[in-house]
**Student:** 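Submitted below is the structure of interest, expressed as structure tokens.
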Amino acid sequence: MALTTDTKKDIYRTMFLAQAWEQALLRLMDENLAPASYHPGRGSEGTEVAATAALRPDDYLLYDHRGMAHIIAKGVSLVELFGDFLGNDLGTTGGLGAGIVHVCKPELGVLGQSGTLGGSQLIAAGAALSSKLRHTEQVTMCFFGDGAANRGTFHEAANAAGAWKLPLVFVVQNNGWAVSVPTSYSTGGTFHDRAIGYGMTGYEVDGQDPFAVYEVAEEAVERARSGGGPSLIEAHTVRLTGHYASDPDGYRSAEVRAAYAEKDPIVKARLMLLEQGLATEDELRGMEQTALDEVQTARDKALTGTKPGAERLHQRVYV
Amino acid sequence: MALTTDTKKDIYRTMFLAQAWEQALLRLMDENLAPASYHPGRGSEGTEVAATAALRPDDYLLYDHRGMAHIIAKGVSLVELFGDFLGNDLGTTGGLGAGIVHVCKPELGVLGQSGTLGGSQLIAAGAALSSKLRHTEQVTMCFFGDGAANRGTFHEAANAAGAWKLPLVFVVQNNGWAVSVPTSYSTGGTFHDRAIGYGMTGYEVDGQDPFAVYEVAEEAVERARSGGGPSLIEAHTVRLTGHYASDPDGYRSAEVRAAYAEKDPIVKARLMLLEQGLATEDELRGMEQTALDEVQTARDKALTGTKPGAERLHQRVYV
Amino acid sequence: MREITYMQAINEAMAEEMERDERVILMGEDVGAMGGIFGVTTGLFDRFGPDRVLDTPISEMFIVGGAVGAAMTGLRPIAELQFADFIWNAADETYAKMSKWRYMHGGQVTVPMVLRLPEGATGGGGAEHSGCPEASMLPHPGAHIVVPSTPADAKGLLKSAIRSDDPVAFFEHKMLYATKGPVPEGDHLVPIGKADIKRPGTDVTVVAWGRMVSLALQAADRAAADGHEVEVLDTRGLRPLDVPAILASVEKTGRLLIVQEAPKSGGGASEIAAIVAEEGLDLLEAPIRRIGAADVPIPQNAELERFAIPTVDDVQVAIKELLA
Amino acid sequence: MREITYMQAINEAMAEEMERDERVILMGEDVGAMGGIFGVTTGLFDRFGPDRVLDTPISEMFIVGGAVGAAMTGLRPIAELQFADFIWNAADETYAKMSKWRYMHGGQVTVPMVLRLPEGATGGGGAEHSGCPEASMLPHPGAHIVVPSTPADAKGLLKSAIRSDDPVAFFEHKMLYATKGPVPEGDHLVPIGKADIKRPGTDVTVVAWGRMVSLALQAADRAAADGHEVEVLDTRGLRPLDVPAILASVEKTGRLLIVQEAPKSGGGASEIAAIVAEEGLDLLEAPIRRIGAADVPIPQNAELERFAIPTVDDVQVAIKELLA
Ligand SMILES: Cc1ncc(C[n+]2csc(CCOP(=O)(O)OP(=O)(O)O)c2C)c(N)n1
Ligand SMILES: Cc1ncc(C[n+]2csc(CCOP(=O)(O)OP(=O)(O)O)c2C)c(N)n1
Ligand SMILES: [Mg+2]
Ligand SMILES: [Mg+2]
């Protein structure tokens, strides 16, 4: 799918929606209705939405712990997402979640989350192997941060993907930090260079520019789908907040944080749409209001869900 | 230390000695005096001896499971090595070994072996970190095969080494096979390219040419020692035998094996010494006879050792 | 009935299930052209080809984690780790991904895979190639733990495991590979989680699984010569654990010996002893006895290994002491 | 005596030992400028600098395996995994390298390191951030297993662990970090492997360690109100296990309850129950009782988690039943 004006608008709309959803979640936390453990995605919506937008509905997504924008872009309903965080029966896992949730929606290719970072890299390689062996032309996309990229799991997944030309796209969201540790301190070399050593194509892209992300993602996804093998996209993003919702973020200086604040991909995308004459201010406002209404409706609906009782504990552990 | 004629002769002598020692070990196995589990090193003596020769006595060595040439080159006595295989008190581990042994000689920097491939990569990174923090200018050299290079342990060790510029030299002995699996089937990209992604220098060298190996190893060791950070040397070697002593090697065709037989690094080094006029046939014969005698003496001595009894079982597990 | 080896039984089970269901694939180090380093997968590569029998890189995390991903998306992988000890090289993938993914995600996906784990001491494998880590899976519910002791059980249990929608960790003792026994042809299935009385008796219950069953049977023979009837109960694994069968046997005999090859501490014997001490204490006429390997890393020296690993003599002595 | 928190006690132990011995270094994710995600290493980076307090990459295998290499070559690392569950991400390094390297190499090297493992359920951490895997180390002899329950024990045991030439796995319960208690100033050392009677009693023995000790003490208070004297024996860890102290207590009370936070199957409680069923069966006047978490992956939903994890009520009920 080419990067048409509609695609651009859709990317913007989804970024805005994801952000609005996240604000609503944080409000639920303030109101003590949802548990306060969440890794906000503010700053990385550009990468998450635009890369995911290059996927087909039946492609597989292994999202990461930061934000929910990729999951929203893949089509999981806001009610289900709220339900997962509220821990009630409207969530995809039927109330097992709450906290840093595991969202799972196999019909949409959303396979779930590994709470240990890096676990999803291997599962992604397995899913990609599976679609290759089943000849389904499905592509698997796997998101993770600069920190998680340094787990050995990446090496094993990337090597298998490279050796067997698996239909897999790794997206490294490099926001420069893993909790308090700067990427420059913890990392030798660069992530996109690492691609070469596995016989993969490596891309470096500005994650603040969702349209640029979409273009490389589309190329990588098409390569994967047509049998050309895996790719790795290193997207430079920012973490506009603390690591988790209540992280005081004291290990990053005021200047560092201020510099990041200039790099909001949602602001940037909006500006590009206006400057390139692709949308009017009114149109965008309308779009935004619709998104806010959608979030409000979903929140109201989700709050009507029922929390599971003790009987839920032993369900679905054995078939 | 420059690659003088003496160094070249010493490398040849040690290669020959390692090979003679191995033949004697295989004979012990045939005679049912030593257990028949061993991964012969025939074909990789060039890499193992020449790279190790670039180390100082107090540098650290993490050898691999293939052959004993690196351990011999690092200075462990032949009696001790036989003792480890015979499982008697003359071995470095005092009889705990036998079989695919763990040789350990801290005074010579020989730190031991991880029976699970790849474990030594991490321990090597830790040893290199230790000498860096202790400011001892010791270098750590870590050998492993093409197969073991695909374990996630490598990634974590290489990344830490690259990030912190650790004094570490990885030597990948790429003999094209991991047991029955061709490297080309199991591996994406190349090993020396992988170095780049960690900010390391990567070398590709012909392991059949020990003098070439010495030169890159010396450069890498000196870089490490002077604070220039880690390197990775990919040496192309051959496995002249089956994977382990009694492996029928049926998964490799006669042609493949014949082609490898042409690539004996000992034969090649000998020829180079003669052709370059660095040694005479007589001199080499004398050297070889001395080595054979040395092996015989060591064998006789080692066979006088005593095997441990049941009381050994519970010794040295807690301090 | 025809007799085949434990290894052939396992091979046959895989071949039949791969024939029956094309979603079944096999992946592991050297499982292809070579037929596995122990020969267990011989012939499968030729028969089913490289898209069904995959030689993997030396990447244990990928072998298990990749199989989890494949199992969730329409395949039914049989993944092999070359040695059961390598479960530690893929522990998070085994305990937290294979075993827990389904539950963690609310049952939205199943993870129908079998993880094959050749286990046990063989005379010189050393501390990292001789383990019997089946009990390590107990605190990680979600996967079944199967440990067959005979060729017939190996075949029947593996076929059940491959058909199960739950993940199954399947431990095969390397020293059993060459042992022979009668195995029914065709669709022989053994249910997972049902214990089997391998020898009935009235005086002492010996509970064992995997290779230790044969030690128990040999010791029982010797005890019979002394006039004691030993019941040998093969749990065939550890999860589900057939607690009723264990308690029923102890009720009959009043004396319980549990034999495992793993180090005495922290193994399946401890779990079974604890359960009986909780649920069947009044059935006991003597203290429970456990036999396991010495609590040391297994030495590479085969002679030292012999001192470390349980023997028939150990079992015999314990039986005598229980009857004293 | 002054009162400080469990977390401060741990911090103080590290600071004092780092002051005392410059070979002691600290390595782990976010242990530097941030002071650890739970704040346990606060101030150490400022005090000892980046060559003594190292923020590592997210590479658990390197954290443990690298510490093993550093420990063999002249340093005495304290390595921290951010969550004890991540032991599965470094299992081979922990079980086979840290624990076994010395023995496997004939005692030629020592591996003097401490692996700090923040454990336990905290209300919403889910199946991969809530575990108490101390018992998983039992079948891998070579390392001590320490689990302190009070600030004083935390300080004294950690100082002993840092000075030990054996590797030590040191499990800290996250829910204890903020709890306060009296802690002696200065060189307070607690020997590894000695149990401690946290409350003497004559009617029932409750064996526990880590966070479960406080549940046991609360339940003992309630039992006292009913006129029953419960003895609470804190093993302070699992290896070495103070078996004589356990047997002595059971001899006094005749009744044994073991409480662990880990899932009921395959934990330390099973090991202790098995030992008592072997060595102290005739001391028992009632069946042994074990309490542990439900045998399911811990759900992320904190309300479901509460159903899964042992509570004071559970302990109280079990005590009552044991006395019935
Ligand atoms: C194996 C593992 N190690 C550590 C953690 C704890 N942890 C969760 S998020 C995080 C930081 C991740 O950094 P990065 O991958 O860069 O993603 P970001 O948070 O910056 O988006 C850490 C250390 C974990 N969940 N799993
Ligand atoms: C983690 C782990 N996986 C598998 C093995 C079994 N194994 C021992 S040697 C070997 C092949 C190694 O190949 P390579 O690294 O290329 O070295 P080579 O034998 O060719 O010298 C295998 C699979 C092991 N010891 N450890
Ligand atoms: Mg990051
Ligand atoms: Mg090789």
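The figures here come from the full heavy-atom set of this structure, side chains too, leaving out hydrogens, waters and symmetry mates. Labels below follow one simple rule: chain letters A, B, ... track the order of the sequence lines, proteins then strands, and each chain is numbered from 1. Here the structure is a predicted model, which means the values were calculated and not measured.
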**Student:** Any chance you could measure D:W88, atom CH2, to C:I87, atom CD1, to the nearest 0.5 Å?
**Tutor:** 9.5 Å
**Student:** Name the option with the most non-hydrogen atom pairs under 4.5 Å to chain C; the candidates are D:D295, D:T94, D:D85.
**Tutor:** D:D295
**Student:** Strictly less than 4.5 Å between heavy atoms, which residues of residues 297-310 of chain C line up against chain D? Please order them by number.
**Tutor:** C:P297, C:P299
**Student:** Can you name the closest pair of heavy atoms from C:K100 and D:A127 and give their distance?
**Tutor:** NZ-O, 3.5 Å
**Student:** Using non-hydrogen atoms only, which part of D:A277 is less than 4.5 Å away from chain C: side chain, backbone, both, or neither?
**Tutor:** both
**Student:** Considering only heavy atoms from C-beta outward, does the side chain of C:E60 approach that of D:D92 to under 4.5 Å?
**Tutor:** no
**Student:** Quick check for you: among D:E128, D:R290, D:R289, D:K264, which has the greatest number of heavy-atom pairs under 4.5 Å with chain C?
**Tutor:** D:R290
**Student:** Between chain D and each of C:G131, C:G292, C:A91, count heavy-atom pairs under 4.5 Å; write down the option with the most.
**Tutor:** C:A91
**Student:** By a 4.5 Å heavy-atom criterion (distance strictly below it), what part of D:A262 contacts chain C: side chain, backbone, both, or neither?
**Tutor:** neither
**Student:** For residues 279-287 of chain C, give me every residue with a non-hydrogen atom less than 4.5 Å from any non-hydrogen atom of chain D.
**Tutor:** C:L281, C:L284, C:A286, C:P287
**Student:** Could you work out, with ring-ring contact (aromatic ring centres under 6.0 Å, His included) as the rule, every residue matching C:F86, not counting sequence neighbours?
**Tutor:** C:F83, C:H129
**Student:** Verify the neighbour count for atom NZ of C:K320: are there more than 12 heavy atoms of other residues, nucleotides or ligands below 6.0 Å?
**Tutor:** no
**Student:** Checking side chain to side chain contact (heavy atoms under 4.5 Å, CB included) between C:S265 and each of D:H140, D:R239, D:M137, which is the one that passes?
**Tutor:** D:R239
**Student:** Please list every donor-acceptor pair under 3.5 Å in which a side-chain atom of residues 205-212 of chain D meets a protein atom from a residue at least two apart or in another chain.
**Tutor:**
{"residue": "D:T205", "atom": "OG1", "partner": "D:S249", "partner atom": "O", "Å": "3.2"}
{"residue": "D:T205", "atom": "OG1", "partner": "D:S249", "partner atom": "OG", "Å": "2.7"}
{"residue": "D:T205", "atom": "OG1", "partner": "D:T253", "partner atom": "OG1", "Å": "2.7"}
{"residue": "D:W209", "atom": "NE1", "partner": "D:E134", "partner atom": "OE2", "Å": "2.8"}
{"residue": "D:R211", "atom": "NE", "partner": "D:E261", "partner atom": "OE1", "Å": "3.2"}

**Student:** Tell me, out of C:P139, C:P263, C:G142, who's got the most heavy-atom pairs with chain D below 4.5 Å.
**Tutor:** C:P139
**Student:** Can any side-chain N or O of D:E271 pair as donor or acceptor with the backbone N or O of C:G266 at less than 3.5 Å?
**Tutor:** yes
